[in-house]
**Q** 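Let me give you the structure first, and then I'll get to my questions.
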Amino acid sequence: MESAWNIVGLLLWIILFIYAIFIIHNIGVRRSRLIINGHYDFSLTHHLKTIAQIVVLFAGIGFMSFETFYPNINGSNVVTSRDFKPLILDTNGNSSYYVKVKSGNNSSLNQSYSYLVNGQRLSVSSSSSSVLVGTNSEINVQKSAVRWNDNEAKTLDKKYQRAWVADVTVTYKDSFWNGIGLHARRQFKSYTLIRIPDNSFIYNEQ
């Protein structure tokens with residue numbers, strides 16, 4: 001559910017649009033008055049007002065564009081949630097595995113990882129997930145993804161015998177400032193971390 005704070009950003013965009021129409025109309029009216037009054041030559045006052053109005057308009061558009069399309073993500077304006085589940089062994093008739101890897105046919109060379117949790121088969125893209133293999137408990141997730149606590153992984157390893165999956169979701173907080181950029185309560189990023197004991201539990205689908 002999206003937040004009502006996003007109405008703030010919508011209203012600001014509407015105000016900018018109305019202000020742009022006002023500027024066009026106002027410049028035309030002032031120019032007409034100059035002509036009617038016989039001032040066909042250069043008018044410093046008219047041009048200064050026009051420049052000031054345009055500067056304000058572009059400053060507003062720049063600010064709103066930055067807040068909408070290039071938001072500043074930090075710990076104060078997002079909420080991170082983590083959901084942990086134990087992996088269930090799957091089988092292809094010959095061997096058991098936790099993760100099935102399927103290579104994509106597109107130019108991005110992304111792979112998909114499928115696995116079983118709670119009796120459900122789920123699949124994620126390698127662009128938004130990673131597989132942690134072996135006894136190493138140190139998480140090497142891209143810095144652009146999500147914050148991670150290595151001690152948390154060690155605890156999960158003991159609880160689930162190094163066979164678990166973590167779904168991490170980063171969501172914008174329900175706040176006025178996030179509403180300006182139309183982001184309040186909207187998801188910023190999701191990431192899946194799949195933990196398996198060793199490579200023998202990976203099945204590469206041909």
Side-chain angles (χ1 to χ4, degrees), residues 1-83 104-113 122-130 141-149 165-193:
M1 180 178 179
E2 295 183 2
S3 170
W5 282 121
N6 291 324
I7 297 176
V8 175
L10 180 62
L11 289 175
L12 288 175
W13 276 114
I14 292 174
I15 290 171
L16 279 175
F17 179 74
I18 295 174
Y19 182 62
I21 296 176
F22 166 77
I23 288 177
I24 296 172
H25 174 73
N26 186 252
I27 291 174
V29 170
R30 284 191 281 107
R31 185 61 183 168
S32 298
R33 287 176 181 173
L34 289 174
I35 295 174
I36 292 174
N37 294 329
H39 298 292
Y40 298 100
D41 54 349
F42 178 80
S43 172
L44 179 61
T45 302
H46 168 69
H47 284 283
L48 287 177
K49 287 183 178 179
T50 300
I51 292 173
Q53 289 174 331
I54 293 176
V55 167
V56 171
L57 175 63
F58 276 91
I61 292 175
F63 171 77
M64 287 301 298
S65 296
F66 180 81
E67 290 297 323
T68 302
F69 303 110
Y70 306 99
N72 179 29
I73 304 301
N74 54 62
S76 64
N77 63 354
V78 294
V79 176
T80 301
S81 61
R82 296 178 174 84
D83 183 28
N105 296 321
N106 53 46
S107 58
S108 64
L109 300 178
N110 282 339
Q111 295 177 319
S112 65
Y113 306 134
L122 303 177
S123 180
V124 293
S125 171
S126 59
S127 62
S128 59
S129 62
S130 60
V141 178
Q142 298 97 311
K143 291 183 179 179
S144 61
V146 293
R147 295 181 182 274
W148 192 267
N149 186 341
V165 60
D167 293 312
V168 186
T169 304
V170 182
T171 307
Y172 290 97
K173 289 182 179 180
D174 188 16
S175 66
F176 171 80
W177 197 257
N178 284 334
I180 291 178
L182 302 173
H183 300 303
R185 278 193 187 178
R186 291 184 176 178
Q187 181 176 298
F188 165 66
K189 187 181 289 291
S190 62
Y191 200 86
T192 300
L193 183 65

**Q** Any sub-3.5 Å donor-acceptor pair from N77's side-chain atoms to N178's backbone N or O?
**A**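 Not a single qualifying donor-acceptor pair exists.
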
**Q** Less than 4.5 Å apart, side chain to side chain, heavy atoms only: is that true for S128 and T192?
**A** no

**Q** With ring-ring contact (aromatic ring centres under 6.0 Å, His included) as the rule and sequence neighbours excluded, what pairs involving residues 3-23 come up?
**A** W5-F176

**Q** Anything under 3.5 Å between a donor and an acceptor, one on a side chain of residues 49-67, the other on a protein residue two or more places apart or in another chain? List them.
**A**
from: T50; atom 1: OG1; to: R30; atom 2: NH2; distance (Å): 3.4
from: T50; atom 1: OG1; to: H46; atom 2: O; distance (Å): 2.9
from: Q53; atom 1: OE1; to: R30; atom 2: NH2; distance (Å): 3.0
from: Q53; atom 1: NE2; to: N26; atom 2: OD1; distance (Å): 3.0
from: S65; atom 1: OG; to: I61; atom 2: O; distance (Å): 2.7

**Q** Working to the nearest 0.5 Å, report the span between CG of L16 and CD1 of I21.
**A** 11.5 Å

**Q** For the CD atom of Q111 and the OG atom of S127, what is their distance to the nearest 0.5 Å?
**A**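 Atom-to-atom, Q111:CD and S127:OG are 11.0 Å apart.
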
**Q** So, taking the atom named OG in S129 and the one named CG in D167, what distance separates them when rounded to the nearest 0.5 Å?
**A** 10.0 Å

**Q** Can you check whether H183's main-chain N or O pairs, donor with acceptor, with N6's side chain at less than 3.5 Å?
**A** yes

**Q** A side-chain contact here means heavy atoms from C-beta on lying under 4.5 Å apart; do L12 and I180 qualify?
**A** yes

**Q** Is the shortest heavy-atom distance from the side chain of S130 to the side chain of Y191 under 4.5 Å?
**A**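 They are in side-chain contact.
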
**Q** Under the salt bridge (charged side-chain N to carboxylate O under 4.0 Å, His left out) rule, what pairs show up with a residue in residues 168-184, not counting sequence neighbours?
**A** D174-R185

